[in-house]
Amino acid sequence: NHKYNSSFMKKTIAAIVMGTVLAVGSTNAAIVFGNLGASGTDGLASSGNGVTTTGWWATGFSVANPNIYLNSATIGLLGTGTIELSLYSDVAGVPGASLISDTASVASLSATSTTFSFLSPTSYTLSPSNSYWLVARALSGSATWAFASNASVPGEQNSSLWAGNGGLSSANSGGAWTTGFFEDRSSVSIGATATPIPEPGTWAAMAIFAGGAAYAGWRRRQQPQMA
């Protein structure tokens with residue numbers, strides 16, 4: 001009857017929407033580079049490099065995998081301010097052009113893992129055999145980019161074959177870059193996948209569209225057929 005069909009359709013639409021939303025959780029990024037371990041959860045030191053509006057810090061890496069998609073980067077931060085983490089191209093061994101970025105607010109006296117998302121609107125495509133830089137700067141306030149507690153240099157994780165390209169610092173907002181002993185110790189953990197992942201808003205839109213299409217089809221089938 002109509003009441004049963006209506007109830008069944010509502011449950012079907014809910015299942016479609018929920019299934020689309022749950023797809024987000026089923027697509028997990030692998031940790032491919034960093035110095036926070038294979039799961040990206042190793043400890044952070046209480047010291048590090050100071051990030052200000054003019055004092056920028058960068059850590060570099062080279063990509064080995066074809067068709068790899070950057071999803072996020074996690075670094076340890078302490079301080080008070082708004083920090084921007086950007087992916088830069090590599091030009092002659094230093095950061096070139098900014099490709100994509102994300103910001104996070106920091107308000108902590110102890111080093112805290114802070115994740116920056118690069119899903120806009122999907123994972124950022126990294127070209128194989130190319131080099132890139134992650135560059136941190138403060139938009140307001142200041143923070144310390146903490147070292148990894150194991151004091152290790154970032155490198156490949158989970159057999160990704162990615163390579164580290166050391167660290168750099170700039171005292172004039174990226175105008176010039178220099179190297180030093182501690183620049184290559186900044187904590188970092190990069191998550192990537194072999195297929196792109198849409199941002200949460202895109203998943204939500206897909207879920208709504210799927211549910212709406214299912215409902216529209218059901219309504220058409222409930223209308224009386226003309227003789």
Side-chain angles (χ1 to χ4, degrees), residues 25 27-52 55-65 68-88 95 100-119 123-124 126 131-170 178-193 197:
T27 312
N28 296 317
I31 303 301
V32 292
F33 178 81
N35 53 2
L36 297 178
S39 62
T41 57
D42 285 5
L44 302 170
S46 58
S47 58
N49 297 314
V51 178
T52 66
W56 300 7
W57 295 84
T59 186
F61 61 93
S62 295
V63 179
N65 313 63
I68 198 73
Y69 299 90
L70 175 67
N71 297 322
S72 64
T74 298
I75 64 176
L77 292 171
L78 63 151
T80 302
T82 300
I83 305 302
E84 178 184 79
L85 188 68
S86 302
L87 177 72
Y88 274 68
I100 190 170
S101 62
D102 191 25
T103 60
S105 296
V106 180
S108 177
L109 297 178
S110 59
T112 303
S113 294
T114 306
T115 299
F116 296 81
S117 173
F118 297 120
L119 306 178
S123 316
Y124 188 85
L126 298 173
S131 295
Y132 298 91
W133 295 89
L134 286 177
V135 178
R137 66 170 180 140
L139 300 182
S140 64
S142 62
T144 297
W145 186 347
F147 301 135
S149 61
N150 56 26
S152 64
V153 175
E156 73 164 337
Q157 298 292 337
N158 295 304
S159 303
S160 68
L161 300 180
W162 288 30
N165 292 336
L168 297 171
S169 63
S170 173
T178 60
T179 59
F181 179 73
F182 292 111
E183 277 88 343
D184 60 356
R185 296 294 193 274
S186 298
S187 58
V188 63
S189 183
I190 294 178
T193 57
I197 298 176

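These numbers come from a predicted model, not from an experiment. Values below: all heavy atoms of this structure, side chains included; hydrogens, waters and symmetry mates excluded.
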Keeping the roles fixed (side chain from [X], backbone from [Y]), state whether a donor-acceptor pair exists under 3.5 Å.
| X | Y | result |
| --- | --- | --- |
| N35 | S186 | yes |
| T112 | S110 | yes |
| E156 | L161 | yes |

Show your working on side chain to side chain donor-acceptor pair (under 3.5 Å) between N49 and S169 and close with a plain yes or no. CA-CA 9 Å; N49 297 314; S169 63; over 6 Å; no
Among side-chain atoms of T74 and T115, is any donor-acceptor pair under 3.5 angstrom? yes
Spacing of [X] atom [atom1] and [Y] atom [atom2] [to the nearest 0.5 Å]:
| X | Y | atom1 | atom2 | answer |
| --- | --- | --- | --- | --- |
| L77 | S187 | CG | OG | 7.0 Å |
| D102 | I83 | CG | CD1 | 12.0 Å |
| S72 | I190 | OG | CD1 | 9.0 Å |
| T80 | L109 | OG1 | CG | 6.5 Å |
| N71 | S123 | CG | OG | 3.5 Å |
| D42 | N150 | CG | CG | 6.0 Å |

Min side-chain heavy-atom separation [X]-[Y] under 4.5 Å:
| X | Y | value |
| --- | --- | --- |
| L126 | L87 | yes |
| Y69 | F118 | no |
| L44 | S149 | no |

Chi angles and distances behind the side chain to side chain donor-acceptor pair (under 3.5 Å) call for S131, N165: CA-CA 8 Å; S131 295; N165 292 336; 3.3 Å; yes
Closest approach of [X] to [Y] (non-hydrogen atoms, all atoms of both residues):
| X | Y | value |
| --- | --- | --- |
| I68 | A192 | CG1-CB, 3.8 Å |
| A146 | L78 | CB-CD2, 4.1 Å |
| W145 | A58 | CZ3-N, 4.3 Å |
| S160 | A64 | O-CB, 3.9 Å |
| N158 | I31 | ND2-O, 2.7 Å |

Please state whether the rings of W162 and F61 are parallel, tilted or perpendicular, taking 30° and 60° as the class boundaries. parallel
Got a list of side-chain donor-acceptor pairs under 3.5 Å for residues 132-143, not counting sequence neighbours?
| unit_1 | atom_1 | unit_2 | atom_2 | d |
| --- | --- | --- | --- | --- |
| Y132 | OH | S127 | N | 2.9 |
| W133 | NE1 | D90 | OD2 | 2.7 |
| R137 | NE | E84 | OE1 | 2.8 |
| R137 | NH2 | E84 | OE1 | 3.2 |
| S140 | OG | T82 | N | 3.4 |
| S140 | OG | T82 | OG1 | 3.4 |

